[in-house]
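As structure tokens, the structure follows; a few thoughts come after it.
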Amino acid sequence: MLKNSNGANEIFLSPYNPEKTEGKIYKIWEESGFFNPDKSVEEKLISKNSPTFTLIMPPTNANGSLHAGHGLVMTIEDIMVRYKRMQGFKTLWLPGLDHAGFETQVVYEKKLEKEGRTRFEIEPKKLYAEILDFTLNNSKNIESQIRKMGASCDWSREKFTLDNDIVKTVYKTFKKLSDDKLVYRKNRIVSWCTKHQTSFSDLEIKDEERIDSFYYLKYGPFTIATARPETKFGDKYVVMHPDDKRYSEYKDGQKIKLEWINGPIEATIVKDYAVDMEFGTGIMTITPWHDNADFEIAERHNLDKEQIIDEQGKLLPIAGEFAGQNIKKARLLIVEKLKNKGLIEKVDENYKHVVKTCYKCGTVIEPQIKSQWFIKMKPLAEKASQKIETDEIKYTPEHYKKITLHWLENIMDWNISRQIVWGIPIPAKICGKCGHGMVDIENEISKCNKCGGEVAQDTDTFDTWFSSGQWPFATLGFPDSLDFKTFYPTDVMETAGEIIFFWVARMIMLGIYITGEIPFKMVYLHGLVLDVKGLKMSKSKGNVIDPMVLTEKFGTDALRMALVVGNTPGTSLALSEEKIRAYKHFSNKLWNITRFILSRENKGDIDHNLKNELDQLTKDITLDMENYRFYLAAEKLYHYIWHTFADKIIEESKKDEHTGATLYYILQTTLKLLHPFMPFITEEIWSHLPQDEKKLLMVTKWPTEM
RNA sequence: GCGCGAUUAGCUCAGUGGUAGAGCGCUUUCUUGACGUGAAAGAGGCCGCAGGCUCAAUCCCUGCAUCGCGCACCA
């Protein structure tokens, strides 16, 4: 029997102070070695063959600092991991840092800008070294913040997205894709940001609704409509629907002479089903170099393509007198000229349409034709869809399943070339003569295998998501390592709903493609953490809440509870200080409960009814945990501890001296149940309880009902 | 345009085919030895609108409205 004749421990005489506890406790945990599953095997807490539970942490941006969303990630994942660890699973939570290619480069460019420098005048190798330095210097910061959140991840297995073994895996994947003819280099239209001087995948483009002028222009016998007159200089094809009776007198391939912006031209009639007869005049001219749909039409009919706008967004010599001008400024001047030439029929000033913009800087995307590496996604997507349809990979919340399947069905080829230095260099050679691209992992190609011309190293880097899309198997050391064999496929991928396509879908596709197995069995998606008014946090709005400030003010346990209670998966959460304060009070309540109980003697029998009631709670909580309903489990615990244990059971116990054993039993059990949610205070209290066996709460067995 | 969510107390949100729940806020009382970061009591809701299935609907079905999000877009 447990005994405590010394009365309350002195530490409980003052209110709970998270500051005095958290750092100390984390250190004890970390030094215990139990974040590493191998330690539990070594200490015989579990066996070598115990079932595994694996969670790979979404790699956090190494140069950033923890924001509220990360706080949520660390909380939810730590809850899952601590729960499974206590249940005796061989539990691995593998942390990682992300070089975050484009994101970091943009941050660094801003820094350069402040110093009056620009990346375009720094030699690429030097720039890379500078950013690497910058990133590594900052990475200690994020690691310590992850620790502050109480994350019980295995730091000994930490990975960085630029680690040699990761890069090696990524190269092997690229090679395999190339061997399987799933990767190709081709001149294709890409989304180009004139500010950042790089192309993007379709996911990195944001649609923005705008109201612009819509110009109806005379084009020989036709009227065409456009919102972008500045692109029209080279338009020499006029396209109409083959079934459009209004234009049936014109034949495909027919030439007509007409007066255009900079003088007379000869235009060719093209008939294509892509034209919408209902829209505008049902007739259009095309600019294949700078428009997706036009590019497709030109490809179908094998038409000439001509560049009108350069990479900086300036007009090329084809624009005649407007050459060298920025398109934004040139538009009005061009319209003026068109007006003077009598080529404008009418202008709709209220034209509502969608403009594609850079998700980072909002600059209007200028599509350009460029030679880049693309991945053929259809075959990969089909296999992924199948695994999702059959629920081999499940989604929480479920409706993300449909969203993902819909996206996979309509998937486009993925442009993985980025014109930035901060990333994994694409292992390929480009022929200087014919432009042919060759995958070259071993750096052994010196002549073009097509034309024999001189080759040069591709200067582009991979889209960050191409490498992070391989994260689950790359971090575990595919294909030969023991970790890979032990921990793959992983159990849960917990991440933000926002990056379901960017990251989750691609991990599924690449994971299946490379390993033949799904990378994880469950996708758990959390929503956004919003400010108290329900607005998205942003630096420009100045409403960013720093989780580190909150942990200092209220304690990490309180913050964790505030982040998890009432936060159903997939929906966003408005975070208020009031809510966190409520759980700070709860910490203190638990502290005082302990103080009272320690003043009692641990004797008597355990009350059967109370034990049954607690068993029922244990059952409920366990079921909630199994079903990822952490928001419910946390709330039930809060309610039981405060309003049943403290308000009723403890109050009643004051009338009866022989209830000590029951109180100790309930306290111990609730500490175990609460540990995944509030790890610091529960571990601290646990360490002060008189017990026969001194073991960390963290590796104490999860209660089962009896 | 297509799809997906949401709509419940003043606020933020849970939840259930059968008398509506939590936190915060609000009102009143309490200097009782664990805790005022507390205790006790209380006010506050046609569970968006209209139909349908059902003995019974806040919950299931249909439609509508409003808000949010995603996807696709026509020059």
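Proteins come first, then strands; the chains are lettered A, B, ... in the order of their sequence lines, and each starts at number 1. Just so it is clear, the structure is predicted and the values come from calculations on it, not from any experiment.
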Requested in this report: For A:Glu366 and A:Arg228, run salt bridge (Lys or Arg N to Asp or Glu O under 4.0 Å): C-alpha distance rounded to whole Å, both residues' side-chain angles, the deciding distance at 0.1 Å, then the answer.
Outcome: CA-CA 11 Å; A:Glu366 285 306 332; A:Arg228 303 199 58 194; 2.9 Å; yes

Query - Base partner of B:U58, which must satisfy Watson-Crick or wobble distances under 3.5 Å - result: none

Query raised in the report: Among the nucleotides B:C4, B:C35, B:A39, which one has an atom lying closest to any side-chain atom of A:Asp647?
Result: B:A39

Requested in this report: Rounded to whole angstrom, note down the P distance from B:G68 over to B:C55.
Outcome: 41 Å

Query raised in the report: Any N or O donor-acceptor pair linking the side chain of A:Glu651 to the base of B:A34 at under 3.5 Å?
Result: yes

Requested in this report: Check the pair A:Arg331 / A:Glu230 against salt bridge (Lys or Arg N to Asp or Glu O under 4.0 Å), numbers first and verdict last.
Outcome: CA-CA 5 Å; A:Arg331 181 183 294 178; A:Glu230 70 277 10; 3.0 Å; yes

Query raised in the report: For B:G23, does OP1 or OP2 lie under 4.0 Å from any side-chain N or O of A:His643?
Result: yes

Requested in this report: Ignoring backbone atoms, establish whether A:His406 has a side-chain N or O less than 4.0 Å from OP1 or OP2 of B:C4.
Outcome: no

Requested in this report: Please determine if A:Glu22 and A:Arg560 form a salt bridge, counting it only when a charged side-chain N lies under 4.0 Å from a carboxylate O.
Outcome: no

Query raised in the report: What about A:Lys402: does its side chain form a donor-acceptor pair under 3.5 Å with the base of B:C4?
Result: no

**Report entry** Span that lies between the P atom of B:C24 and that of B:U37, in whole angstrom
**Finding:** 14 Å

Query - Pairing nucleotide - B:A6, Watson-Crick or G-U, each distance under 3.5 Å - result: B:U66

